[in-house]
Amino acid sequence: MDMKKLKNKIIFILVVLVITLTACGPVSYKYSFTIRTSYREWVKQIGLFSRKNLKVYRYNEERYSINIDLVYENDLTGYKELCDVIAAHNKFVDENPDYFPSDVDIIINNMHASQETISHFYNKQVSSRFDYST
């Protein structure tokens with residue numbers, strides 16, 4: 001085999017390897033100490049970061065919105081933990097009606113670890129409680 005063909009094969013293998021590693025790389029999750037939030041008490045009370053089968057993939061807080069993407073694992077067990085977070089949020093809002101400004105939208109998207117989007121939870125500015133929708 002001549003040197004040019006060998007060089008081309010090595011380059012091809014390296015390109016395929018780089019593409020594979022970047023496309024299938026590990027998912028990085030957020031942790032309570034890595035997010036910036038104005039609502040630490042709420043985050044703690046709803047147990048956002050204390051669930052075994054529920055991970056925070058994205059937490060983005062802006063002036064008028066909080067967007068959270070959650071990934072749950074272990075099928076029904078993880079989904080139950082997601083429902084526990086939603087119920088804890090609703091309880092927190094009921095007990096602390098003035099905690100969030102009235103113009104803040106809270107959106108929680110969730111997906112199974114397979115990356116399939118399952119449902120979305122959002123508040124309707126009237127009470128900041130989540131309405132369930134799938």
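For this chain, numbers begin at 1 and follow the sequence in order.
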Q.
Would you say that N53 contacts Y79 through its side chain, given a criterion of any heavy-atom pair below 4.5 Å between the two side chains?
A. no
Exercise. Y59 and E61: side-chain donor and acceptor closer than 3.5 Å?
Worked result: yes
**Asked** Would you call the rings of F100 and W42 parallel, tilted or perpendicular if under 30° counts as parallel and over 60° as perpendicular?
**Response** perpendicular
Here the pair of heavy atoms bringing Y99 nearest to R40 is OH-N, 4.0 Å
Partner of L48 under side-chain contact (heavy atoms from CB on, under 4.5 Å), picked from L54, L70, I108, is L70
Separation between NZ (K91) and CG (N96), nearest 0.5 Å, reads 10.5 Å
ask   = Do the non-hydrogen side-chain atoms of V85 and H89 ever get within less than 4.5 Å of each other?
value = no
Separation between OG1 (T77) and NZ (K52), nearest 0.5 Å, reads 9.0 Å
Exercise for review: Kindly indicate, with the supporting measurements, whether the criterion side chain to side chain contact (heavy atoms under 4.5 Å, CB included) is fulfilled by Y39 and V104.
Suggested key: CA-CA 12 Å; Y39 306 106; V104 170; 3.9 Å; yes
When rounded to the nearest 0.5 Å, the distance separating CD1 of I46 from CZ of R51 is 8.5 Å
Rounding to 0.5 Å, atoms CZ (R63) and OG (S38) come to a distance of 11.5 Å
Interatomic distance, NZ@K44 vs OG1@T37, rounded to 0.5 Å, equals 14.0 Å
Taken to the nearest 0.5 Å, the spacing of I68 CD1 from Y57 OH works out to 15.0 Å
